[in-house]
Amino acid sequence: MTHWLILPILVPAMLAALLVLVARYHLTIQRVFSVAGSLVLLALALGLFWQASDGTVSLYLLGNWSAPFGIVLVADRLSTLMVLLTCVLALPVLLYAIGSGWDQRGQHFHPLFQFQLMGIIGAFLTGDMFNLFVFFEVLLIASYGLMIHGGGSRRLRAGTQYVLYNLLGSTLFLFALGLLYAETGTLNMADLAVRVETLDAANSAGIRVAAVLLLMVFAVKAAILPLHFWLPASYSEAPAPVAALFAIMTKVGAYCIIRVFTLVFPPDLEITQGLFDQWLIPAALLTVALGMVGVLGAKGVGRLVAFSVIGSMGMLLSGVAVFTPTGVTAALYYAIHSTFAAAALFLLVDVIRSRRGDAGSSFDVAPPIVGGALVAGMFFVAAIGMTGLPPLSGFVGKLLILDAARSSDLMWWIWGTILIGSLVAIVGFARAGSVVFWKAHQPVDTPPEETAEPELQTTSVLPMVSIGGLLALLVAITVGAGPVTRVLSDTSEQLFNPESYIAVVLTTPGKVIKDYHGEADHGDDSHGDDGSYGSDAVAPAATKKDN
């Protein structure tokens, strides 16, 4: 699979440039190329995921410069899983944008959409901390352009708030990178893992500060309390397909926490002891509580869904903070579920807003909406998923997190917060559904708090098909919960045994390496004539894990 690893980054980058330079005034051409590019990305993601499914860790050396001196892309089970999740989400979101006409309410939607995919996928595949920062900045620029797509003072204000908070996170990221480089002399993740392990714990103040700063940076991306303030307004005011795509954005923060704190700062590292059980678990539980209180107190469906995203991130990171393979497995399952559920809800909010006239998505009572039965049914299914009621995947994900929490000293706090938070979420969503759908026969007495968007293109079935597709994905991961959790369990096992990852990135030909089964490997012949590994080098004996 030569050069497959870089194609998921190159395809959207080249496509975005092509759309700006060649087809900027031809919306139909942009739509065709954007959908085709998303389909190609999905095929590439499936191929990479299949390649990594047996435990293979693949390496791509840009410019054929070996690590840690050159830029590397690394594909293992976790990174390919997140790339696949991104590409699966992108297609229905893009179809919704086309079917609803959102892509023609402003300029350059499709190029920005492709640049956003490039940034997200790049963040998942990079094996270097500085390039993770670079892809974060690509995400920030593209997401800001998408946020203010269509204009409006409220959207511009929310976008400005979003940028300011994320620029603060970027500044902290640079400080953390400076400290890491000063202490270790490298920013390659695998090389950092080797060097940090050899540091003296008594003289490691710089590394401790860097680890805390990194956790704060990723907490901003994941919207963890108290760094969550940017999310409610940003997500509720963003165009619907943009908010739906942003459902994967918070998962970038969660991914970085999992990656960095299993590879660079593993659980048994003395330098960072206490960082998770003393800081991350309380922050995650408070995030759950805040999100669910926000759901109960929201005055519109848009903000209700935005606060439910905050609560779901708290639940996800409650599993991560247990810091065991079981906990990470549960968190990954819940991440897949919450991505699809949140995206479906944001799209449904747009449908509700566009069909309720002046009431928009507020909880003001309005006349019945067009197609109310279908919309209500979809909202009911999505709400069941987000609140964690049986039988959908949200219930399965919460059970997995509760089971994983049994190994934590704070088990009862985790159980109590999640169960009570779920009950509060049920009440909040039930209130929203009853006002929007059941009381729809009453007239509107008060002006809405949210500005109604233009009506959807009623001749297109793509919006409802896209939402139905996301709900079908929720059903699919519920029915296939057994196979899915087995795959995720293998992923977690690989994360907590990072020797193969480190070996592939840092091994040079002829050097004896050992995988985590203790078997020696003397390299292979997948290197160039100059003795260096080729761009698609894989060290088979060190990267296979018996299933």
Side-chain angles (χ1 to χ4, degrees), residues 57 59 65-72 74 76 78-79 123 126-134 136 169-220 253 255-281 283 320-325 327-328 492-508 511-516 518 539 542:
V57 178
L59 178 69
W65 283 84
S66 60
F69 308 106
I71 299 172
V72 298
V74 188
D76 63 352
L78 178 62
S79 59
T126 185
D128 183 271
M129 293 293 288
F130 183 78
N131 285 285
L132 180 61
F133 168 79
V134 171
F136 271 17
S170 298
T171 304
L172 293 177
F173 204 169
L174 282 177
F175 288 155
L177 294 182
L179 284 170
L180 282 175
Y181 193 81
E183 294 288 332
T184 64
T186 185
L187 290 177
N188 180 278
M189 293 185 192
D191 201 29
L192 276 170
V194 173
R195 299 194 184 197
V196 167
E197 189 178 13
T198 62
L199 294 177
D200 181 12
N203 301 301
S204 57
I207 288 294
R208 291 174 187 268
V209 173
V212 173
L213 286 176
L214 286 175
L215 188 58
M216 291 178 63
V217 170
F218 302 148
V220 171
Y255 164 85
C256 292
I257 291 174
I258 295 172
R259 172 67 72 195
V260 171
F261 289 92
T262 55
L263 178 63
V264 181
F265 305 108
D268 56 351
L269 187 67
E270 184 181 354
I271 294 174
T272 52
Q273 287 298 309
L275 193 58
F276 275 72
D277 53 358
Q278 295 179 18
W279 295 98
L280 188 57
I281 288 183
V320 174
V322 175
F323 224 35
T324 63
V328 172
S492 301
E493 191 68 27
Q494 187 178 53
L495 285 169
F496 282 85
N497 293 279
E499 290 85 357
S500 59
Y501 183 103
I502 296 170
V504 168
V505 176
L506 299 181
T507 297
T508 54
K511 179 181 177 180
V512 176
I513 59 176
K514 293 186 177 181
D515 66 8
Y516 52 84

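- More than 12 non-hydrogen atoms from other residues, nucleotides or ligands lie less than 6.0 angstrom from CZ of Phe496.
- Taking CD1 of Ile258 as the reference point, atom CZ of Phe218 lies at 11.5 Å (rounded to 0.5 Å).
- We find the CG-CG distance between Asp128 and Leu192 to be 8.5 Å, quoted to the nearest 0.5 Å.
- Residues Tyr181 and Leu177 are not in side-chain contact: their nearest non-hydrogen atoms beyond the backbone lie 4.5 Å or more apart.
- Sequence neighbours left out, the pairs with a member in residues 257-274 that pass salt bridge (Lys or Arg N to Asp or Glu O under 4.0 Å) are Asp76-Arg259.
- Atom CD1 of Ile71 and atom CG of Asn188 lie 11.0 Å apart (nearest 0.5 Å).
- Interatomic distance, Leu495 CG to Leu263 CG, rounded to the nearest 0.5 Å: 9.0 Å.
- The number of heavy-atom neighbours closer than 6.0 Å to CZ of Phe133, taken from other residues, nucleotides and ligands shown, is above 12.
- Within the 4.5 Å cutoff, the side chain of Phe173 has no heavy atoms near those of the Leu213 side chain.
- Taking the side chain as every heavy atom from C-beta outward, Val504 and Val74 never approach each other to under 4.5 Å.
- When all heavy atoms of Ala123 and Tyr255 are compared, the pair lying nearest together is O-CE2, 3.7 Å.
- Under the 4.5 Å side-chain criterion, counting only non-hydrogen atoms from C-beta, Ile271 is not in contact with Phe265.
- The distance from the CE atom of Met189 to the CG atom of Leu180 is 10.5 Å, given to the nearest 0.5 Å.
- You'll find the side chain of Phe136 reaches within 4.5 Å of the side chain of Val217, heavy atoms only.
- A distance of 10.5 Å separates CG in Leu132 from CG in Leu187, rounded to the nearest 0.5 Å.
- At least one side-chain heavy atom of Ile207 sits under 4.5 Å from a side-chain heavy atom of Thr184.
- In this structure, the side chains of Val72 and Trp65 stay at 4.5 Å or more apart for every pair of heavy atoms.
- A donor atom on one side chain and an acceptor atom on the other are not found under 3.5 Å apart for Thr126 and Asn131.
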